[in-house]
Chemist: 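Below you'll find the structure I mean.
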Amino acid sequence: MDYLDYVQMTKGQQISYNIKSFFTGIPGAIAGFFQVVANVIKGFFGWIGNGFKGYGQRFSDGDTGTKLSYVIMGAGNMMHKQLGKGLVFLAVEVLYIMYMVNFGMTYVSKIYSDNVTITDSNGVTAVHYGVIGSNTPVYGYDDFGEKTLLNRDNLDTSNNVLLFFVVTLLITIAFFALYIANTKSAYETEQLIKAGKTPMTGIEEIKDYFDERFHVTLLTIPVLGLLAFTVVPIIFTVFIAFTNYTRERIAPGELYWWVGFQNFAEVFNTGSAEQSATFGKILSWTLIWAFFATFSNFILGIILALMINKKEIKFKAFWRTLFIITAAVPQFVTLLLMKMLLGQGTGLNAMMGTTYPFLTDATWAKCTVIIVNIWVGVPFTMLSTSGILMNIPEDLYESARIDGANAVQQFTKITFPYIFFVLTPYLISSFVGNINNFNVIYFLTGGGPESHLYYKSGETDLLVTWLYKLTVSEGDYKLAAVIGIFVFLICAIGSLIAFNMSKASKNEEEFS
Amino acid sequence: MVSKTKRVLALVLTAMISASALAGCGGGSSGGGSTTTSTPTNSTANNTASNSGNQAAELDLDSDSSVDIIKERIKKEAETSGGEIKLEVWCSGDDKKFETTRIKAFKDKYTPDGVKIVVNISAVGEDKVGGKVLEKPEEAADVFNFADDQLTGLAESKAIADLGDMFQNNIKKNNTEESVSVCSVNDVFYAFPRTSDNGYFMYYDKRDLDEADLDDMDTIISKLGAKNKNIYLPLGNAWYNCGFFFAAGCDISYDAKTKQQTATFNTPEGYKAARAMNHLALNLHKGFECDAGSLGDNVFVADGFKNGTLGAAVIGTWAGPDIKKNIGAEYVGAAKLPKVDMDGEKVQLHSFSGYKIVGVNKFTKYPITSKVLAYFLTNKESQLERYKTRGLIPTNKEALEDSDVKADPALKAIQDQKEFSHPQGASVGTSFWSCSPGTIGTKIKDAEGNLPEDKIEEILNSVVAQIESSNKSNAT
Amino acid sequence: MNTTNFQNSPQAGYAAKRKAANTAIYIILAVLGVIWLFPIIWLILTSFDGETGAVTRSLIPTNWSFNNYIKLFVQYETDANGNEVQVAADAMQFPYMQWILNTLFVAVCSCVISTLLVLMVSYTFSRLRFKSRKTFLNMGLILGMFPGFMSMVAVYAIMKVLGLTNSLIGLIIVYSAGAGLGYQVAKGFFDTIPHALDEAAKIDGATRHQIFWQIILPLSKPIIVYTALTTFMGPWGDYIFVSYFMDQNPYGWTVARGLYEMIDNKENINEWFKPFCAGAVIIAIPITTLFLIMQRFYVGGMTGGAVKG
């Protein structure tokens, strides 16, 4: 259906259309979601499958060079007039083997150590299986009779073992990709020579990386950065969710071990019986918060932008600047300021001599954070919607005016639906952003007020602030990792479904 | 699960090894597979038996003869790092000046020839040190000052060094018995006691209250209320409202062996304590104030005394200097906590008592230098110096006999309060403060003293359930 | 037009109504403006309050002074003889000047690196077509959905292995290594540049490398400015990472960490709350100026990205 058709419907029709299209869209969206997941998985395995496709075939078809490249990387290229490329492949193989022998294998073998004797805080020793790392502390006594650590520099830290294991895993995957590429390249050059053509020289190949394969050149550094500082940490953290890593096992030599899915059960059984529902409570508040935070900002931001951009209103730049100033002061400053302003015994309360529990009563605090978030966020929405408002085709309004629509009708029938259509992806990403909106909650209430019904969290804690508290102040890393995985799942499922329902993603489909 | 993971892993490993074999050069030198060597651990956690007969144990660290022995030992430690010893000390920001002068004195006394000792001091609040050390034990300071309730956590995470006979003997000889008792967990000795200030009592303005008024909370409230002033007692803060429960006969305890935290607040005595809080809160803002707001209690209290909203406050020595500065030392009085009304009966209010102690990082490169420094920073001279700069009450027996210290009203108040105080280090486990025993007080405050009995029971039952399961996650 | 009374003609009524509506809008805008600016004004007024102590009872200070600003740069202590002496430049509890320099360094470096990374990624996804493009895009989408600091502990472990903890270089890496994920807005912008330009250049024999540097980038000034400014402003506002990655030595902190520490501890807050306000005002001035300058780009960048998704 065209956008213009939509605008011409009456309000009642529009609502029923919206509701109808929402529900009829759900199955498609869910299907779309699974399609995306399936595509990613398919893409990954397809990529692996492609690598192996013809692996055996090429071996039996190939000449000596190609066959040799199955054992000595680069041999094929070297024998097919591509000395430089062959040497690079060979170097990769040598480096990989050196890495594995000198370094990688140690950590791969330590990732699951059996029969490790671990002393707990009571001095009781026990033998454990599936421990990450194996060198535990050894103590002796010095000439003063002081107990000393004898193997201070030779202790395993489970963190390091796990980290190097993940790195080794990725390096190995990369190595195999290059290995397959090497056999392919050997075979392809062989075919080229057989067909009477000359394979690219080293110089040509390098040039190709600035033209046909320029995407490889451009993406290498960003992808390496992401792999090292985003992907490796995420895999690491996902692994942590399957261990018993807590603050008690943080010191070097105090190893942690694999515990399976235990922590996933623990998330739903935290603390006392009443607290065991903490995850559910925090999740529902997170969603309520994200809903109100997103839509309050969106609607108020549009109204503000409309007022400022109204034709007859003068000093537009002045009004805009007025609101932007609050957005420009670094957020933690404005939020800490708000905390002072709304605190007990400070700011407003001190000036007026009152004791309003803006941040100390659960219901008050929940409303306060949403209102303060409006204060923080509306200028941004105002800014971003201003541009769109200016782009609304003027003839839409002309025709509406001819039909005798008043200002309110123009807003509800033209402006709002138009912006809503255009900004759906923005709305979705700001909804996800609000689920992860750490700053407003952490700096304003710190998750408080505290409650005996919440496990190591407070009434306004979001999943992410809970995660942060568990990590930084409680040192319950395993539980934090599980919560992180859940937050990811919620965001991923929610936004993929929403993206599939929105028009823009269909455009992208057509575009590519 | 275990065997399954193992099988998957074995599969991955086999794949890798066979792949590397396929790739040519024999990469099998590492021996492959999941065989591991387990290092035998020296399981003697008790360090008493193994070093008997050690002459160093008799060394008196305050004697002049010990200086050369220590110097020699420090020199030996410095040799491992080319003659330079670099230490990091964490103390509260207010202590920085004091620590700087004392560390200079330490260097003058103990630096051996040819050795350079460099000490860097960073400000970390004494209530935050435990958490900071446990965030990254290896990178934490070599010597750190902290409040004794964090010791259990530091010990359980094995981030703090234990002390041998020599240091133990010196500490035990010089410090009060109770201060020594908070320095060990599970019979292992860890820390150097420094001050006994980490408890609370009552400061008051002598112009508002006479000594005769101090015994009874109701008298204080009515007298201050008549002057439009308040007594401050933070009901919503667990550290303070536990005093009501203790007074009523409840208790909390922590078993370091089983890591079980217990509390008996949900008993008839506990309900009685909550009713007593209810009774007080009826006077909210009319003689009684219980919320310091978001600025911190010392700010609130000092400010309250200054502008005449407070005439008395239940707080500790850390607020002393500011109160004295604001209204003049001559008007500041200190006393033990008053009696409160519990079901018509006047009961002495109890309190927590706590100590500030000094610990040494287990992963320090220079254990002996660090321990000697920690000892030096907590010896008699240091404690007296700290009393002079910050007004904090020493734990050293001789320092307590000092005339200035003896004349301090806060000391008298602490000592009067002593028999009604509960040492927090021994009774509080790692997770107690992240529970919310303060809730009951907050709810009473919100209800302005009209919290119904069934609600009291409900909350207390729930809080106790929370406290008793607070260590579940760590008890694996 | 059946009415004869001119004053009550629809036009006149319409004009009056419009005037009333505009007046109402002015009033609403003014009221909202006051609400929005009130905390900022409070911040500025408090920063000039000459009274020490964290409690302010009146909006307008009774005692105006620059002391809070001076205290950020010059701090005094009493020495052994009871004299007020200036604290040495390397022994201050809160070395504000050093924080500004640190933050500036980190912000400039991570701004340059991030902008390059973002441009590389967004250009690739917008203009180049290759086999695994869709997979990469999906992967990017998925990675972006993990909560930012979920893997903070792991990143710290990596930094420790690399020996980059407690170093500004480490911070720069933390702020910019993942920048490639933020390609959406810039990609939206590149999508709007006509493909005909590339085609024409290709016919003239230009390589993709040349097209990128010589044709597309010169046209991309708005998005470059937008990306650079947003990434430049990041380190000024981040507290989480800098608090986890830097140790207790105040000389290694950035402004955000330092200001937070000023009022985080109850033993500091009484003395440092007002200097905190002054410090916040000082950094707010350049950031606000930058923000006002880039407003124009901001509007373009954000909507460009939003429209295209």
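As the structure is a computational prediction, the values presented were derived from the model and not from experiment. Proteins get letters first, then strands, A, B, ... in listed order; numbering begins at 1 in each.
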Chemist: Non-hydrogen atoms of chain C under 4.5 Å away: do they reach the side chain of A:I374, the backbone, both or neither?
Modeler: both
Chemist: Could you check whether the rings of C:Y123 and A:F214 sit parallel, tilted or perpendicular, using 30° and 60° as the cut-offs?
Modeler: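 Answer is perpendicular, since the angle exceeds 60°.
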Chemist: Taking all non-hydrogen atoms of both residues, which atom of A:P330 and which atom of C:G237 are closest, and how far apart?
Modeler: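 Closest pair (atom of A:P330, atom of C:G237, distance): CB-CA, 4.5 Å.
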Chemist: Measure A:A480 against the heavy atoms of chain C and call it side chain, backbone, both or neither at under 4.5 Å.
Modeler: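 Neither; nothing under 4.5 Å.
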Chemist: How far apart are the C-alpha atoms of A:F164 and C:V161, what are their side-chain angles, what is the distance that settles it, and do they pass the side chain to side chain contact (heavy atoms under 4.5 Å, CB included) test?
Modeler: CA-CA 10 Å; A:F164 289 131; C:V161 169; 3.6 Å; yes
Chemist: Any idea which heavy atoms bring A:L337 and C:W42 closest together, and the distance?
Modeler: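 Heavy atoms of A:L337 and C:W42 come nearest at O-CZ3, 3.8 Å.
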Chemist: Pick one of side chain, backbone, both or neither for A:A228, based on which atoms fall under 4.5 Å of a heavy atom in chain C.
Modeler: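 It is the backbone, since no side chain atom gets that close.
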Chemist: Any chance you could lay out the side chain to side chain contact (heavy atoms under 4.5 Å, CB included) test for A:T237 and C:V153, step after step, and finish with the verdict?
Modeler: CA-CA 8 Å; A:T237 314; C:V153 175; over 6 Å; no
Chemist: To check you understand the geometry: which heavy-atom pair defines the closest contact between C:M145 and A:A492, and what is its length?
Modeler: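 Heavy atoms only, the tightest pair is SD-CA, 3.2 Å.
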Chemist: Between C:P39 and A:M338, which heavy-atom pair has the shortest distance, and what is it?
Modeler: CG-CE, 3.6 Å
Chemist: Please flag which part of A:V223 lies under 4.5 Å from any non-hydrogen atom of chain C: side chain, backbone, both or neither.
Modeler: side chain
Chemist: Check the angle between the aromatic planes of C:F146 and A:F488 and answer parallel, tilted or perpendicular using the 30° and 60° thresholds.
Modeler: parallel
Chemist: Report the option among A:L304, A:V166, A:I313, A:V238 that has the most heavy-atom pairs separated by less than 4.5 Å from atoms of chain C.
Modeler: A:I313
Chemist: Kindly indicate, with the supporting measurements, whether the criterion side chain to side chain contact (heavy atoms under 4.5 Å, CB included) is fulfilled by A:F229 and C:M159.
Modeler: CA-CA 9 Å; A:F229 297 100; C:M159 290 297 171; 3.5 Å; yes
Chemist: Between the main-chain N or O of A:K314 and the side-chain N or O of C:Y26, is there a donor-acceptor pair closer than 3.5 Å?
Modeler: yes
Chemist: Quick one: what part of A:N349 sits under 4.5 Å from any heavy atom of chain C, side chain, backbone, both or neither?
Modeler: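 A:N349 has no heavy atom closer than 4.5 Å to chain C.
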Chemist: Counting only non-hydrogen atoms closer than 4.5 Å, does A:W375 touch chain C with its backbone (N, CA, C, O), its side chain (CB onward), both, or neither?
Modeler: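 For A:W375, the contact with chain C is made by backbone and side chain together.
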Chemist: Would you say the side chain of C:M150 lies within less than 4.5 Å of the side chain of A:N436, judging by non-hydrogen atoms?
Modeler: no
Chemist: When you compare the side chain of A:N439 with that of C:Y239, does any pair of heavy atoms fall below 4.5 Å?
Modeler: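 Side chain of C:Y239 against side chain of A:N439, heavy atoms only: no contact under 4.5 Å found.
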Chemist: Would you call the rings of C:Y260 and A:Y442 parallel, tilted or perpendicular if under 30° counts as parallel and over 60° as perpendicular?
Modeler: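 It falls in the parallel class, under 30°.
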Chemist: Counting only heavy atoms closer than 4.5 Å, note whether A:T326 contacts chain C via side chain, backbone, both or neither.
Modeler: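 Both backbone and side chain of A:T326 come within 4.5 Å of chain C.
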Chemist: What part of A:Q331 lies closer than 4.5 angstrom to a heavy atom of chain C: side chain, backbone, both or neither?
Modeler: neither
Chemist: Can you check whether C:R208's main-chain N or O pairs, donor with acceptor, with A:D211's side chain at less than 3.5 Å?
Modeler: yes
Chemist: What's the verdict on side chain to side chain contact (heavy atoms under 4.5 Å, CB included) for A:V378 and C:L32, showing C-alpha distance, side-chain angles and the deciding distance?
Modeler: CA-CA 11 Å; A:V378 157; C:L32 288 181; over 6 Å; no
Chemist: Would you say that A:V472 contacts C:M152 through its side chain, given a criterion of any heavy-atom pair below 4.5 Å between the two side chains?
Modeler: yes
Chemist: Indicate yes or no: at least one non-hydrogen side-chain atom of A:R213 is less than 4.5 angstrom from one of C:F130.
Modeler: no
Chemist: Looking at every non-hydrogen atom in both residues, tell me the closest pair between C:P147 and A:G484 and how far apart they are.
Modeler: CD-O, 3.9 Å
Chemist: Does any non-hydrogen side-chain atom of A:L218 lie less than 4.5 Å from one of C:V121?
Modeler: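 No; the side chains remain at least 4.5 Å from each other.
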Chemist: At a heavy-atom separation under 4.5 Å, does A:L163 approach chain C through its side chain, its backbone, both, or neither?
Modeler: side chain
Chemist: Where do C:F149 and A:F438 come nearest, in terms of heavy atoms and distance?
Modeler: CZ-CD1, 3.1 Å
Chemist: For A:L336, is it the side chain, the backbone, both or neither that has a heavy atom under 4.5 Å from a heavy atom of chain C?
Modeler: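 Contact with chain C: side chain only.
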Chemist: Looking only at atom types and distance, does a side-chain atom of C:W36 sit under 3.5 Å from a main-chain N or O of A:L322, one as donor and one as acceptor?
Modeler: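 Flag not set: sc C:W36 to bb A:L322 has no pair under 3.5 Å.
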